[in-house]
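Here is the structure we will look at, set down as structure tokens.
Chain letters run A, B, ... following the sequence lines, proteins first, then strands; residues in each count from 1. All values derive from a computational prediction rather than experimental measurement.
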2 protein chains.
Amino acid sequence: MKAKKRVTIYDIAKKLNVTPSSVSRALNNSSYVNETTKKLILKTAEEMNYKRNTLASNLRRGQSKTIGVVVPRINQNFFANVIAGIEEITYKKGYNIIICQSGESYEKEVQSVNTLINQHVDCIVISISVDTEDYKHLQNVIDHQIQLIQFDRVAEELETLKVINDNEQASFEAVSHMISQGYRRIALLEGPQTLNIFRQRKNGYLQALAKHQMPVIDELIAQNAWTKELGATATRQLLSLSNPPDAIFASTSDFSALGVLEVANSMNFKVPQELGICGYSNENFSEITSPSITTIDQFSVYMGKTIANLFFQESENLQVETIPKVISIKPKLIARSSTEKNQQ
Amino acid sequence: MKAKKRVTIYDIAKKLNVTPSSVSRALNNSSYVNETTKKLILKTAEEMNYKRNTLASNLRRGQSKTIGVVVPRINQNFFANVIAGIEEITYKKGYNIIICQSGESYEKEVQSVNTLINQHVDCIVISISVDTEDYKHLQNVIDHQIQLIQFDRVAEELETLKVINDNEQASFEAVSHMISQGYRRIALLEGPQTLNIFRQRKNGYLQALAKHQMPVIDELIAQNAWTKELGATATRQLLSLSNPPDAIFASTSDFSALGVLEVANSMNFKVPQELGICGYSNENFSEITSPSITTIDQFSVYMGKTIANLFFQESENLQVETIPKVISIKPKLIARSSTEKNQQ
DNA sequence: CTGTTAGCGCTTTCAG
DNA sequence: CTGAAAGCGCTAACAG
């Protein structure tokens, strides 16, 4: 193993009979270096296949030009898209992103956050796991003067930058839409109420009912139905009631809506005539089921871009204390066949 | 902005009246330090909320415990899953991953690779973009003694570690399956032939035809049909032929297969009776279309794990020259309704 | 087991 | 404009 060393600025300096400082300056495009020698240095660096050691540079500068992202899972459309959005912006600015998955586990989330602190990232972007109920690790991020941006699933009590969806409004609109289509017994599949997003969606549901003077019926609210399987199980129960619902709002995801659709089919409930279905998230499959599923688009890629832009804005504006900002993105209801009771 | 400095090993050393070396040793769980003081140091570090500066540590050690991953897009199921698989393994070993997207652009791919070299990553995992036709940047990785692992879309001529799918075999099986179902004029939607995976899939198609003494009909091979839209366009042409195909193998992806399905529906071709359809990749939606789409599962998460394990194996076995290894994963045909001609 | 010392590669004052 | 020198925080020889 011949450890052929990498080319450093010293090698370039020696070859050109200048000092490392000058090389460094040239490489950083400083104006304090003769134009001619600058060009020469750049050319030589290229020729010698020099690659800057970002580690050393960052250590010296005390920043890493790196952003850490912690999400429950990256192979979920929503998160993958948010990350893609973030990356699109950060890439242009020469920033890297380090991605960690919490896998919905509190411990892994804490460990991920710690790794990112160790890495001296300039910013941590996080959507907390369903398991997360205390926020010491997030407070720690702040204590280490690292910019913290929460998105989607946020710890509301923590005063940080936040980029969220207006879940309540979206949910309100979805349920209102179902009501206007003529559905009268609308069930709700809700997610773990530890997560703010699921609480908000439930609120939207309740408000829509209230607005239209419709009663809240306890047996029509299914808790913890946030996967396809759990959604299916809940649906079996709901449709077995003596007085079953005529619509189900799967507020947790399109996956649970899919579970609803499959059970409805197997139990011979006609969708949308006998049972309306609305999901959440606009997964790519919701458009192509039969019938296609009404859902809510969260503009996930845009959300990612917003997060990245927010970070750069904040880091450029070097004010004494930045006011915690909350950016709320309004999701959009996408009405499809699964709620077309009227037209049938 | 009170730049409250971070706690360093010096702070701990001073407080405890030991040397930084001892602190370092304790923190690295070295045996060359008294058990009692080790415990004391660890406790104090915890109390002072010390976080190791990985940058400094890595600079000193000359490695970064970081793996760089370059993929065309992360919001594609296949890649997201591979990354999830990689992350699952690397996480346990205390390694981080940095993710870059090439967006199918050669320039961005080169830039991403360079960034990763700068970052002194220990390994670069890459699936090349469709645009990539020269491999200087990859050679560069090797020249910088960074482990290079190619996966899925690989530059075959480069002697590196590779983790691939046996596309040819999978494709062969898919087409054979369609033949055995009774389809006789099977069209192929092929992808850009610059990518090895698409060449292999075409080969598999050709071999299956040959094996069953079926002619290769040029007008049934549609080039560059590798998105849903392009697949749809190609299908419109194919189905307008005076002698249209009775099956279409969308070898590029389930997305193009979806395009096929939609056009078939709109042109009133009955699937699977009048037109069989087979896709590739087992996207989550392919199961729930009507009819469900026959496809090929690539074991993407497993592939990711394989890649990560390969890296650790190689880095542990410090042999003089490692032989370039190629791990081929056998994908699995998932026969669904869209090719059930027989049963109808 | 512990301390001393040097230095990873780069940037940044401070002089000139 | 350029050079000298110090040091980011940590680790690893080398002595003791």
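Here B/Ser57 reaches the OP1 or OP2 of D/dT11: one of its side-chain N or O atoms lies under 4.0 Å away.
When the side-chain hydrogen bond (donor to acceptor under 3.5 Å, both in side chains) test is applied to A/Lys162, no partner is found at least two apart in sequence or on another chain. With sequence neighbours excluded, no residue forms a side-chain hydrogen bond (donor to acceptor under 3.5 Å, both in side chains) with B/Asn58.
Computed from coordinates, the A/Arg61 CZ to C/dC10 P distance equals 12 Å when rounded to whole Å. One interatomic measurement links the two molecules: CG of B/Leu59 to P of C/dA6, which rounds to 18 Å at whole-angstrom precision. Counting to the nearest Å, the P atom of C/dC10 and the NZ atom of A/Lys65 are 16 Å from each other. Computed from coordinates, the B/His120 NE2 to C/dC10 C1' distance equals 11 Å when rounded to whole Å. B/Asn58 places its CG atom 15 Å from the C1' atom of C/dC10, with the value rounded to the nearest Å. Taking atom OH on B/Tyr10 and atom C1' on C/dT4, their separation rounds to 11 Å, with Å as the unit. The CD atom of A/Glu35 sits 10 Å away from the P atom of D/dT2 (whole-angstrom rounding).
Pairs engaging residues 39-50 of chain A under the salt bridge (charged side-chain N to carboxylate O under 4.0 Å, His left out) rule: A/Lys43-A/Glu47 [sequence neighbours left out]. Listed by first and then second residue, the salt bridge (charged side-chain N to carboxylate O under 4.0 Å, His left out) pairs that reach into residues 117-129 of chain A come to none, sequence neighbours excluded. Applying the ring-ring contact (aromatic ring centres under 6.0 Å, His included) test to every pair with at least one member in residues 41-90 of chain A, sequence neighbours left out, gives no pairs at all.
When the nucleotides D/dC10, D/dG9, C/dC10 are ranked by their closest atom to the side chain of A/Ile9, C/dC10 comes out on top. Comparing D/dC10, D/dC8, D/dT2 against the side chain of A/Thr37 picks out D/dT2 as the nearest.
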Acceptor/donor pairs from residues 16-29 of chain A side chains to any protein atom, 3.5 angstrom cut, sequence neighbours excluded:
{"from": "A/Thr19", "atom 1": "OG1", "to": "A/Ser22", "atom 2": "OG", "distance (Å)": "3.4"}
{"from": "A/Ser24", "atom 1": "OG", "to": "A/Asn28", "atom 2": "ND2", "distance (Å)": "3.4"}
{"from": "A/Asn28", "atom 1": "OD1", "to": "A/Arg52", "atom 2": "NH2", "distance (Å)": "2.4"}
{"from": "A/Asn28", "atom 1": "ND2", "to": "A/Ser24", "atom 2": "O", "distance (Å)": "2.9"}
{"from": "A/Asn29", "atom 1": "OD1", "to": "A/Lys38", "atom 2": "NZ", "distance (Å)": "3.0"}

What pairs of donor and acceptor atoms, side-chain ones from residues 99-110 of chain B against any protein atom, are under 3.5 angstrom apart with sequence neighbours left out?
{"from": "B/Gln101", "atom 1": "OE1", "to": "B/Ile74", "atom 2": "N", "distance (Å)": "3.1"}
{"from": "B/Gln101", "atom 1": "NE2", "to": "A/Glu87", "atom 2": "OE1", "distance (Å)": "3.4"}
{"from": "B/Ser102", "atom 1": "OG", "to": "B/Glu104", "atom 2": "N", "distance (Å)": "3.4"}
{"from": "B/Glu104", "atom 1": "OE1", "to": "B/Val130", "atom 2": "N", "distance (Å)": "2.9"}
{"from": "B/Glu104", "atom 1": "OE1", "to": "B/Arg153", "atom 2": "NH1", "distance (Å)": "2.9"}
{"from": "B/Glu104", "atom 1": "OE2", "to": "B/Arg153", "atom 2": "NH1", "distance (Å)": "3.4"}
{"from": "B/Glu104", "atom 1": "OE2", "to": "B/Arg153", "atom 2": "NH2", "distance (Å)": "3.0"}
{"from": "B/Ser105", "atom 1": "OG", "to": "B/Glu107", "atom 2": "N", "distance (Å)": "3.4"}
{"from": "B/Ser105", "atom 1": "OG", "to": "B/Lys108", "atom 2": "N", "distance (Å)": "3.0"}
{"from": "B/Tyr106", "atom 1": "OH", "to": "B/Asp134", "atom 2": "OD1", "distance (Å)": "3.2"}
{"from": "B/Tyr106", "atom 1": "OH", "to": "B/Asp134", "atom 2": "OD2", "distance (Å)": "2.7"}
{"from": "B/Lys108", "atom 1": "NZ", "to": "B/Gln101", "atom 2": "O", "distance (Å)": "3.3"}
{"from": "B/Glu109", "atom 1": "OE1", "to": "B/Ser129", "atom 2": "N", "distance (Å)": "2.8"}
{"from": "B/Glu109", "atom 1": "OE1", "to": "B/Thr132", "atom 2": "OG1", "distance (Å)": "3.0"}
{"from": "B/Glu109", "atom 1": "OE2", "to": "B/Thr132", "atom 2": "OG1", "distance (Å)": "3.2"}
{"from": "B/Glu109", "atom 1": "OE2", "to": "B/His137", "atom 2": "NE2", "distance (Å)": "2.8"}

Kindly list each side-chain donor-acceptor pair under 3.5 angstrom involving residues 301-309 of chain A, sequence neighbours excluded, with atom names and distances?
{"from": "A/Thr306", "atom 1": "OG1", "to": "A/Tyr302", "atom 2": "O", "distance (Å)": "2.7"}
{"from": "A/Asn309", "atom 1": "ND2", "to": "A/Lys305", "atom 2": "O", "distance (Å)": "3.2"}

Please tabulate, one pair per line, all N/O donor-acceptor pairs under 3.5 Å involving side-chain atoms of residues 60-70 of chain B, not counting sequence neighbours.
{"from": "B/Arg61", "atom 1": "NH1", "to": "B/Ser57", "atom 2": "OG", "distance (Å)": "3.2"}
{"from": "B/Ser64", "atom 1": "OG", "to": "B/Thr66", "atom 2": "N", "distance (Å)": "3.4"}
{"from": "B/Ser64", "atom 1": "OG", "to": "B/His120", "atom 2": "O", "distance (Å)": "2.6"}
{"from": "B/Thr66", "atom 1": "OG1", "to": "B/Ser64", "atom 2": "O", "distance (Å)": "2.9"}

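In this structure, B/Val18 and B/Arg60 both approach DNA chain C, and ranking their closest nucleotides by distance from the 5' end singles out B/Val18.
Side-chain atoms of B/Thr160 and B/Gln150 form a donor-acceptor pair, as typed in the model, at a separation below 3.5 Å.
Of the residues in residues 19-34 of chain B, those placing a heavy atom less than 4.0 Å from an atom of DNA chain C are B/Thr19, B/Ser21, B/Ser22, B/Arg25, B/Ser31, B/Tyr32, B/Val33, B/Asn34, in numerical order. Contacts between residues 110-117 of chain A and DNA chain C, defined by a heavy-atom separation below 4.0 Å, involve no residue at all. Within residues 38-56 of chain A, no residue places a heavy atom under 4.0 Å from DNA chain D.
The distance from the SG atom of A/Cys123 to the CG atom of A/Leu116 is 10.0 Å, given to the nearest 0.5 Å.
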